[in-house]
Novice: 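Pasting a structure below so you can have a look.
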Amino acid sequence: MADSPSPNTNADNPDLTDPHAARRHKLAELVQRGIDPWGQRFDDRDLNGECRARIGEVKFVTKEGETLELPDVESPDVDYRQWKTDNGPGEEVGPTVRVAGRIMLARTAGKLIFLNLRDWTGDIQIFIGKKQVGEEDFELAKLFDLGDLVGVEGRLGRTNTGELTVFAEKLFMLTKMLEVPPEKHAGMTNIELRQRMRYADLAFNDGVMQTFLDRTKIIKSVRSTLDDRGFCEVEGPTLHTIPGGAAARPFETHHNALDMKLTMRIALELHLKRLMVGGMERVYELGRVYRNEGLSPRHNPEFTMIEIYQAYGNYESMMELTERIICDALDKIGGGYKREYNGQEIDFTPPFQRATYAELFEKATGINPTDEDAVMSLAAKLQIDTNDKHPDVIRNEIFEEKVEDSLQGPIFVIDYPASICPLTKRKRDNPEIAERFELFICGMELANAYTELNDPDLQEELFKTQLAGLEEEDSMAKMDHDFVRALRYAMPPAGGLGIGIDRLVMVLTNSKSIRDVILFPVLRPE
RNA sequence: GGAAGUGUAGCUCAGUUGGUUAGAGCAUCCGACUUUUAAUCGGAUGGUCCUGGGUUCGAGUCCCAGCACUUCCA
């Protein structure tokens, strides 16, 4: 692939029509002229975005010395050439700037070169005229290739079409690119290449940088929402001796000095609850968890989640908090509460819709979920394996198949069957129902919250009860004696909330795959 | 784990029923052009058709196996 240099690159007589060889040749040419192809300090520069914001400082000075404001060329009514004809002769005069960035496009027109220079605040056009920059710099400009990082010093102005442009006076080679850039219209579309070479994806594909900058904004926003409400961020261990807090298969590793098996964490829950016992009344952790499962557009083996615990709250408090976190994040990235995801309009205006597990089940299947015979016969019709399975497990498989995909949301599904929620407090008036909700958007589970179980004896009992029909790795029922001991020291009644950050970012940035919001998703080696 | 799809130049893609020397655009190189903006115009270079077998006079194309990716399902 691209990492093997072409055979022409080392030959004495390189084939200059080979793009790689041509770049190597120009590199050598730069060195020969005493120009460092890898650049030097240039941090006293102006960002392209700042330059664009200074467009108002560019004036038109007529031959008579009169200074005119320039018209707004963004307006379709303005023909800038005509405006100049009407007001000329004269020239545009703006402040001197220093910019740096990657050459995205280049157009030569005789003894002129136009560049589109990109930094992470956007693009700006560069005008390089042979007469204007002088022979030496013009020869340097001829050694520039698409993708090179260059610096330009010059005056801000406008071209005849009105475009804001840096009229170069001095050029700086900052770094040569030795690889060939992707196709300039289509970009790099091969999904595997984009993920393997995220650097090139970020540098050359539109929208990729914005998605990841939005991801950062969203995560910052989540933290600030919680910090503003007095929550304390902590860091729990990522190496666990007992993988707990979720139903998932862990990654296993080994500690040499202690000669013991360790597992990567699959959830944050049990350690955060220990901290609540210790008196951290509002606590959260935002971090990576690892689940040894298959890959899909919604699953990556390592992903980012946040878990939040609030003493003296319950799942109702967590619903309000969930809405607050999402709406604050939407405010930060802009674009309003009505957004498109996968072609559907999602309305995030709070409060989000709420419906119970039982009523959604009945609506989708026409069957009352407490009617065991009807549930069993439906399961048979759906060809769900019912052997040795607890009725609630079967019920939940039907729910996943018939209800979840159709939940466009945002909708809180509340009040789950208690037997599938071993870490959750039961409803006081109905011990069959757990105080739990899941937030669904476009059929995707985004958040999961409980009124947390804090009865140590009941917790111990639930750890011992393996639900019939569940594989061990699918069960949350893994005895953690220290956790039960912690509960005996009294954990306050509390609400707990977990949010899948990657999925939240997917929905808020309209990304179809979790791999579009994870910089370096898991891939097989090349 | 199962099914379907994809894999051709550095990148994006065509490639007919199996038939001459595998094409285009971008990029690259040469030439023209001092206000272009997906610049334009003229010319040139560039291929392990994913890998390995097989069928055939002849395979990018058909068959088998494998690899990678994508999507759907479990």
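Fair warning: this is a prediction, and the values are worked out from it, not measured in the lab. Protein chains get the first letters and strands the later ones, always in sequence-line order, with residue 1 at the start of each.
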Novice: Is there a donor N/O on one and an acceptor N/O on the other, under 3.5 Å, for the side chain of A/Q125 and the base of B/rU36?
Specialist: yes

Novice: Are A/E445 and A/R298 close enough for a salt bridge, meaning some N to O gap below 4.0 Å?
Specialist: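 Judged by the 4.0 Å cut-off on N to carboxylate O distance, A/E445 and A/R298 do not form a salt bridge.
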
Novice: Tell me the interatomic distance from A/R196, atom CZ, to B/rA68, atom C1', rounded to whole angstroms.
Specialist: 8 Å

Novice: Side-chain donor-acceptor pair under 3.5 Å between A/R107 and A/Q125, yes or no?
Specialist: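 Checked: A/R107/A/Q125 side chains pair up, N/O donor to acceptor below 3.5 Å.
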
Novice: Using distance alone, with no hydrogens and no angle criterion, decide if A/N300 and A/R515 have a side-chain donor and acceptor under 3.5 Å apart.
Specialist: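 On atom types as modelled, these side chains do not qualify, holding no pair under 3.5 Å.
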
Novice: Any side-chain donor paired with an acceptor under 3.5 Å for A/N396 and A/Y416?
Specialist: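 No, A/Y416 and A/N396 have no side-chain donor paired with an acceptor closer than 3.5 Å.
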
Novice: Looking at B/rA4, which nucleotide sits across from it as a Watson-Crick or G-U wobble partner, both distances under 3.5 angstrom, or is there none?
Specialist: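 Checking every strand shown, B/rA4 finds its partner in B/rU70, with both distances under 3.5 Å.
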
Novice: Choosing from B/rU70, B/rA74, B/rA68, which nucleotide comes nearest the side chain of A/I191?
Specialist: B/rU70

Novice: Among B/rA74, B/rC69, B/rU71, which nucleotide sits nearest the side chain of A/P297?
Specialist: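 Among B/rA74, B/rC69, B/rU71, the one nearest the side chain of A/P297 is B/rU71.
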
Novice: Starting at the 5' end of RNA chain B, which residue's closest nucleotide do you reach first, A/G187 or A/K512?
Specialist: A/G187

Novice: Report yes or no: does A/R52 contribute a side-chain atom to a donor-acceptor pair with the main-chain N or O of A/D123 at less than 3.5 Å?
Specialist: yes

Novice: Find which nucleotide of RNA chain B each of A/L105 and A/S513 is nearest to by heavy atoms, and output the residue with the more 5' nucleotide.
Specialist: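 Mapping each residue to its closest nucleotide by heavy atoms, the 5'-most match is A/L105.
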
Novice: If only side-chain N and O atoms of A/R107 are considered, is one of them under 4.0 Å from the OP1 or OP2 phosphate oxygen of B/rA39?
Specialist: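 For B/rA39, OP1/OP2 do have a side-chain N/O of A/R107 under 4.0 Å.
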
Novice: Across nucleotides 26-35 of chain B, 5' to 3', mark each nucleotide with B, S or - according to how protein heavy atoms within less than 4.0 Å reach it.
Specialist: BSBS---BBB

Novice: Name the nucleic acid region contacted by A/E192, choosing base, sugar-phosphate or nothing; use a 4.0 angstrom heavy-atom cut-off, strictly under.
Specialist: sugar-phosphate

Novice: Using a strict cut-off of less than 4.0 Å between a Lys/Arg side-chain nitrogen and an Asp/Glu carboxylate oxygen, indicate whether A/K26 and A/E29 qualify as a salt bridge.
Specialist: no

Novice: Mind checking if A/N190 touches a base, just sugar-phosphate, or nothing, with heavy atoms under 4.0 Å?
Specialist: sugar-phosphate

